[in-house]
Amino acid sequence: MKLLIRFIKPHWKLCVITMLLLIIDVTGGLYIPTLAAEMLNQGVSGSSFDILLNTGIRMAIGSLIAGTCAVIGGYTCATLTARIGKEMRVALYEKSLKLSVYDFRQFGSASITTRTVSDITNIQTAFINFMQMVVPVPVICTIALILSFRLDNQIGIVLLIAVFIILSLAYLIIKSASPLFKRLQKLLDSMSSILLENITGVRVIRAFNNESREQERLNTSFFNYANTSIKANRKFANLDGLSFFCINLVIISVFWLSGGRIAAGHFQIGDITAIIEYTFLILFFLMMAQMTILTLPRALECCDRIHNILDYTPEISDPSSTPQGDSAHNQKEVLAFRNVSFRFADAEEDTLNKLNFTCRRGETTAIIGGTGSGKSTIASMILRFHDVTEGAVVLNGQDIRQMSQKDLRTNISYVQQKAMLFSGTIAENLRYSNAHATDEELMHAADVAQVGDFIRSLPDGLNSFVAQGGTNFSGGQRQRLSIARALVKKSDIYVFDDSFSALDFKTDAALRQALSVEIKDAAILIIAQRVSSIRHAQQIVVLDEGNMVGIGTHDELMENCPVYIETYESQTKEA
């Protein structure tokens, strides 16, 4: 409920108006049978036509007001629900952008997707039903019971007992069903995760003929979800049966008592119609409220899941103030690792240990090492996807932990190991790093990245369609487009995280030569596994199991670094 109050609060005026409209609507619904009973009693007693006409006019006016409030109330309720849902999704998305890589692992990408789409939809559905079906119940029960007690105490007591029994049954069953709905949402996350893996990894599944295995995994997930859902539905089926039994019993009791009261002369014919209408209205709204209440345990669980993310403290956050860096450093030294160590939160030992090196303007620094040596972790720390455990990463003389993440990443152009393109056009993808870049600037960056001729060969050029993930292009084309995207943005340092792995040697050499001219005033950091991609670098850092075992030029390392010599010789023999 705290989550809902948090998002309802900015719209409290609209919420109050909606509740007032709905209350007027249900009050009018009770006023009509009262007037109908009055008209029937007047007709039986032989009242004049003018009196009957006056009562009829009041009924028409009451119906018009109630109907108008119902229409306007439905519109305002839908508007309120849509706004709350939109703001929840915006808040959840903005919070997800602040989560670190480790935070994402805690929740899971599939789970965050489910919470953003499915969970908020469940909350919206439950909220609009609650406003329209549950909020009016206390009002209609109170007014109807008062009117019933005014007509006859015995019938009023019967209705009061029935309302109490139905509400008690609903409370007990909902309380017992809450754990089932918690499990349902977790099973939905699991289902979404497996389904996403199957869709994204369909080529691997088919390549290894593992369709039956994956189908069995999905079927197990579907079965667990269905089985838990059936258990929850059984509880509510019991509630439906018991509620209908109480309703039928109450209606029989009202007819029996009313008949006896009329025979005794305590009731008029119109009074019994009013009592029956009150009874039907109370029981109808109770049944509708009961149907709405069926969705509340799931909606409350969805609220808890969203609340967990919105109130989660990210592992990495911006500092309260951002002091200026030392301008003297901006002239030559761009990036420095000073005694940096890093350990993952769930690891027992450091992934990186005591790294010390500097990236200078106009120079290329390369990092090479075997698989699992921590190369890509270095790129993650530069961008503050992870924070160092010890030491400091310094950009332009300032510890990056003292910079806002936006300012930090504004100064860095990054090409990740796995080329990622977004659905749209080539131009839209290249402008992802600089929205104001001209077509000429885009083509210049594409030429430097050795992908300009490919773009020109396409019928639509820069406006050519890009499928989600760039799946309509080859791996090399995606990599070069990613490099071009980074070059469109003018930065102090360019980080290439094994970004040349899909390129042939000729394209690799041409790209490196063009890069050395294009970004000669910036620092370049290349993370690679191939010696041929980095032997030209002014500084090469050699990693072995997270330790820096060598630093220098290619020639220097070939003289004094056994790990680098071994890597070079193994790749030379392979070539």
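When atom types are taken as modelled, the side chain of E556 and the backbone of T553 share a donor-acceptor pair closer than 3.5 angstrom. A side-chain donor-acceptor contact under 3.5 Å links S464 to the backbone of G461. Using modelled atom types, no side-chain atom of K86 and backbone atom of T81 make a donor-acceptor pair closer than 3.5 Å. In this structure, S229 contributes its side chain and Y225 its backbone to no donor-acceptor pair below 3.5 Å. A donor-acceptor pair under 3.5 Å links the side-chain atoms of N356 to the main chain of N339, judged by distance alone. At least one donor-acceptor pair under 3.5 Å links the side chain of Q398 to the backbone N or O of Q402. A distance-only check finds no donor-acceptor pair linking the side chain of N227 to the backbone of F223 [under 3.5 Å]. A donor-acceptor distance shorter than 3.5 angstrom exists from the side chain of S373 to the backbone of G370, with no hydrogens or angles considered. Between the K489 side chain and the I412 main chain, a donor and an acceptor come within less than 3.5 Å of each other. Looking only at distances, a side-chain donor or acceptor of R480 sits under 3.5 Å from a matching main-chain atom of Q450.
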Legend entry - CA sep, side-chain torsions, deciding dist, call: R485, S433, side chain to side chain donor-acceptor pair (under 3.5 Å): CA-CA 6 Å; R485 177 175 59 197; S433 60; over 6 Å; no
Inset, instruction - Start with the C-alpha distance between R431 and D439, add both sets of side-chain angles, then the distance that settles salt bridge (charged side-chain N to carboxylate O under 4.0 Å, His left out), and finish with yes or no. - result: CA-CA 9 Å; R431 286 196 177 97; D439 287 353; 2.6 Å; yes
Inset, instruction - Go through the steps to decide whether K354 and N547 satisfy the test side chain to side chain contact (heavy atoms under 4.5 Å, CB included), and finish with yes or no. - result: CA-CA 7 Å; K354 307 296 182 184; N547 297 299; over 6 Å; no
Legend entry - Evaluation steps, side chain to side chain contact (heavy atoms under 4.5 Å, CB included), between I524 and I526: CA-CA 6 Å; I524 302 174; I526 298 176; 3.8 Å; yes
Inset, instruction - Apply salt bridge (charged side-chain N to carboxylate O under 4.0 Å, His left out) to E518 and K490, showing your working. - result: CA-CA 10 Å; E518 176 66 19; K490 304 304 179 184; 3.4 Å; yes
Legend entry - Chi angles and distances behind the salt bridge (charged side-chain N to carboxylate O under 4.0 Å, His left out) call for E545, K375: CA-CA 10 Å; E545 296 183 354; K375 302 186 299 298; over 6 Å; no
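In this structure, the separation between CD1 on I367 and CD1 on I527 is 5.0 Å, given to the nearest 0.5 Å. With rounding to the nearest 0.5 Å, the separation of CD1 in I493 from CG in L395 is 7.0 Å. Separation of atoms CD (E566) and CD (Q571) is listed at 11.0 Å; rounding is to 0.5 Å. Note: N429 CG to L442 CG = 11.0 Å, rounded to the nearest 0.5 Å. Atom CD1 of residue I309 and atom CG of residue D304 lie 12.0 Å apart, to the nearest 0.5 angstrom. With rounding to the nearest 0.5 Å, the separation of OG1 in T567 from CG in L557 is 10.5 Å.
Taking each heavy atom of T18 and C77 in turn, the nearest pair found is CG2-CB, 3.7 Å. What you find for Q416 and S499 is that their closest heavy atoms are O-OG, 3.9 Å. Between L481 and I426, the shortest heavy-atom distance links the atoms CD2-CG2, 4.0 Å. Across all their heavy atoms, M548 and L543 have their closest contact at CA-CD2, 4.1 Å. Here the closest heavy-atom approach between residue G369 and residue Q529 is recorded as O-CG, 4.4 Å. Of all heavy-atom pairs between A528 and D498, the closest is CA-OD1, 4.0 Å.
Applying the side chain to side chain contact (heavy atoms under 4.5 Å, CB included) test to K418 and every residue at least two apart in sequence or in another chain returns nothing. Annotation: side-chain hydrogen bond (donor to acceptor under 3.5 Å, both in side chains) contacts of N122 (sequence neighbours excluded): none. Not counting sequence neighbours, the partners of H554 by the side chain to side chain contact (heavy atoms under 4.5 Å, CB included) test are V531, R535, I540, M558, Y564, Y568. Not counting sequence neighbours, the partners of A299 by the side chain to side chain contact (heavy atoms under 4.5 Å, CB included) test are A126. Evaluation of the side chain to side chain contact (heavy atoms under 4.5 Å, CB included) rule for E87 yields F7, H11 as partners, not counting sequence neighbours.
Under the 3.5 Å distance criterion, with hydrogens and angles disregarded, no donor-acceptor pair is assigned to the side chains of Q513 and H536. Between the side chains of Q539 and T365, at least one donor N or O lies within less than 3.5 Å of an accepting N or O. With hydrogens and angles left out, the side-chain atoms of S482 and R478 include no donor and acceptor closer than 3.5 Å. A donor and an acceptor atom, one from each side chain of T389 and S341, are nowhere located under 3.5 Å apart. Between the side chains of D407 and S404, at least one donor-acceptor pair of N or O atoms lies under 3.5 Å. Under 3.5 Å, the side chains of Q477 and S474 contain a donor-acceptor pair of N or O atoms. For S376 and D497, the side-chain atoms include at least one donor-acceptor pair closer than 3.5 Å.
Side-chain contact between K95 and P314 is present, with heavy atoms from C-beta onward closer than 4.5 Å. Using a 4.5 Å heavy-atom cutoff, the side chains of I123 and C303 are in contact. Within the 4.5 Å cutoff, side-chain heavy atoms of L515 are placed close to those of V448. For the pair F422 and V466, the minimum side-chain heavy-atom distance is 4.5 Å or more. Contact annotation: the side chain of L4 approaches that of M88 to within less than 4.5 Å [non-hydrogen atoms, C-beta and beyond]. At a threshold of 4.5 Å between non-hydrogen side-chain atoms, the residues D350 and N353 count as touching. Residues L383 and L408 have side chains not in contact (no heavy-atom distance under 4.5 Å, counting atoms from C-beta outward).
Salt bridge annotation for R456-D447: present, with a cationic side-chain nitrogen under 4.0 angstrom from a carboxylate oxygen. Look at R217 and E197 and you find a salt bridge, because one of the NZ, NE, NH1 or NH2 atoms lies within 4.0 Å of a carboxylate O, short of that distance. Contact check on R6 versus D311 returns a salt bridge, with a Lys/Arg side-chain nitrogen under 4.0 Å from an Asp/Glu carboxylate oxygen. Of the charged side-chain nitrogens involved, at least one lies within less than 4.0 Å of a carboxylate oxygen, so that R361 and D492 count as a salt-bridged pair. Using a 4.0 Å cut-off between charged side-chain N and carboxylate O, R206 and E214 make no salt bridge. Salt-bridge formation is not detected for the pair E390/R343: no Lys NZ or Arg NE/NH1/NH2 atom is positioned less than 4.0 Å from an Asp or Glu carboxylate oxygen.
Counting only residues at least two apart or on different chains, the ring pair (Phe, Tyr, Trp, His ring centres under 6.0 Å) pairs with a member in residues 353-377 are F337-F357.
Ring geometry for F342 against H386 counts as tilted: the plane angle lies between 30° and 60°, on a 0 to 90° scale.
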